[in-house]
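What follows is a short report on a single structure.
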Amino acid sequence: MPAEAELSALVARSLRDVPDFPRPGVVFKDVTPLVADPAAFGAVVRGLAEPWREGGVDLVAGVEARGFVVGAALAHELGLGFVPVRKAGKLPGDTVEASYELEYGSATIEVHADALAAGQRVLLVDDVLATGGTALAAWDLLELVGGTVVEFGCVVELAFLGGRAALGERPVRSLHRVG
Ligand SMILES: O=P(O)(O)OC[C@H]1O[C@H](OP(=O)(O)OP(=O)(O)O)[C@H](O)[C@@H]1O
Ligand SMILES: Nc1ncnc2[nH]cnc12
């Protein structure tokens with residue numbers, strides 16, 4: 001099996017599907033079993049890091065909360081720093097914020113206004129791409145504070161929810177696609 005297919009299969013068997021969470025009709029893709037398994041977690045982090053090992057990115061950003069788990073590990077793997085994109089009201093400095101809809105609700109996220117130097121190239125990551133609302137809002141915020149986002153990387157893509165299309169021409173990479 002090619003390496004990409006093997007990694008996709010590993011992700012598939014390391015996730016837990018939780019029906020009707022957090023509300024009826026949603027099948028929640030739970031990554032907690034994956035990140036609790038050092039072999040699976042390591043393979044996922046290496047998979048997301050692979051295109052960037054020779055450079056092209058200055059910082060990794062991740063969206064609270066699950067994006068912190070993937071993003072901080074990935075930043076460490078690449079020898080880079082990490083920029084947190086947080087839910088509203090958590091960052092202590094001056095922030096810029098964006099509100100958005102996601103598969104099962106709405107939210108507001110923030111990034112520190114001084115998180116990036118002008119032109120710094122950012123790899124944005126999260127665990128799940130669903131409608132793309134979160135990814136698009138985070139992408140725009142990171143560019144608003146001066147960065148250039150080079151890719152949105154995620155562990156799982158719920159293709160039937162259209163996140164890739166919502167992100168338009170922005171590069172998206174997922175390790176495992178559902179639907
Ligand atoms: O593509 P979307 O429809 O925007 O959905 C994807 C987002 O939803 C989840 O986060 P959630 O807001 O549930 O927060 P959490 O990480 O704190 O659980 C997930 O971690 C992504 O950030
Ligand atoms: N179905 C889902 N499972 C886990 N995280 C999500 N974020 C948005 N939709 C999700």
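Scope of the values below: all heavy atoms of this structure, side chains included, with no hydrogens, waters or symmetry mates.
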Please enumerate all residues that pass side chain to side chain donor-acceptor pair (under 3.5 Å) together with [X], with sequence neighbours excluded.
{"X": "D126", "answer": "none"}
{"X": "E77", "answer": "R53"}
{"X": "E103", "answer": "none"}

All pairs passing ring pair (Phe, Tyr, Trp, His ring centres under 6.0 Å) where residues 72-128 contributes a residue, at least two apart: F68-F82
When you group the ILVMFWY residues by side-chain heavy-atom contacts below 4.5 Å and let the links chain together, are [Y] and [X] in the same group?
{"X": "L158", "Y": "V27", "answer": "no"}
{"X": "L124", "Y": "L129", "answer": "yes"}
{"X": "L80", "Y": "V125", "answer": "yes"}
{"X": "V18", "Y": "F160", "answer": "no"}

side-chain hydrogen bond (donor to acceptor under 3.5 Å, both in side chains) contacts in which one or both residues fall within residues 80-93, not counting sequence neighbours: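 Sorted result for residues 80-93: E64-R86.
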side-chain hydrogen bond (donor to acceptor under 3.5 Å, both in side chains) contacts in which one or both residues fall within residues 15-24, not counting sequence neighbours: R16-D30, R16-T32, D17-K29
Under 3.5 Å donor-acceptor pairs involving side-chain atoms of residues 130-155, not counting sequence neighbours:
{"residue": "T131", "atom": "OG1", "partner": "G133", "partner atom": "N", "Å": "3.2"}
{"residue": "E143", "atom": "OE2", "partner": "V149", "partner atom": "N", "Å": "2.8"}
{"residue": "E151", "atom": "OE1", "partner": "W52", "partner atom": "NE1", "Å": "3.1"}

Neighbour count above 12 (heavy atom, 6.0 Å) for E6 CD: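 Yes, CD of E6 has more than 12 neighbouring heavy atoms, counting only those of other groups under 6.0 Å.
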Residues forming a salt bridge (charged side-chain N to carboxylate O under 4.0 Å, His left out) with R121, sequence neighbours excluded: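 So R121 forms a salt bridge (charged side-chain N to carboxylate O under 4.0 Å, His left out) with D58.
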Non-hydrogen atoms of [X] and [Y] that approach each other most closely:
{"X": "L7", "Y": "V44", "value": "CD1-N, 4.2 Å"}
{"X": "R66", "Y": "V31", "value": "CD-CG2, 4.3 Å"}
{"X": "L59", "Y": "Q120", "value": "CD1-OE1, 3.3 Å"}

From CA spacing to verdict: side chain to side chain contact (heavy atoms under 4.5 Å, CB included), V69, V35: CA-CA 8 Å; V69 178; V35 300; 4.0 Å; yes
V83 and V111, any side-chain heavy atoms less than 4.5 Å apart: yes
Heavy-atom side-chain contact between V11 and V156 under 4.5 Å: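 With C-beta onward as the side chain, the pair touches.
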Nearest-0.5 Å distance that lies between atom [atom1] in [X] and atom [atom2] in [Y]:
{"X": "L48", "Y": "L78", "atom1": "CG", "atom2": "CG", "value": "9.0 Å"}
{"X": "S14", "Y": "L10", "atom1": "OG", "atom2": "CG", "value": "4.0 Å"}
{"X": "T95", "Y": "I109", "atom1": "OG1", "atom2": "CD1", "value": "11.5 Å"}
{"X": "R46", "Y": "L74", "atom1": "CZ", "atom2": "CG", "value": "12.0 Å"}

Full working for side chain to side chain contact (heavy atoms under 4.5 Å, CB included) between V122 and L116: CA-CA 9 Å; V122 183; L116 301 173; 3.8 Å; yes
Sequence-distant partners of A118, side-chain contact (heavy atoms from CB on, under 4.5 Å), two or more places apart: none
Pairing residues for T108 by the side-chain contact (heavy atoms from CB on, under 4.5 Å) criterion, not counting sequence neighbours: A88, E97, S99
Could you pull out every donor-acceptor pair under 3.5 Å between side chains of residues 170-179 and any protein atom, sequence neighbours left out?
{"residue": "R170", "atom": "NH1", "partner": "L167", "partner atom": "O", "Å": "2.8"}
{"residue": "R173", "atom": "NH2", "partner": "G47", "partner atom": "O", "Å": "2.3"}
{"residue": "S174", "atom": "OG", "partner": "E157", "partner atom": "OE1", "Å": "2.7"}
{"residue": "H176", "atom": "ND1", "partner": "S8", "partner atom": "O", "Å": "3.3"}
{"residue": "H176", "atom": "ND1", "partner": "S8", "partner atom": "OG", "Å": "2.8"}

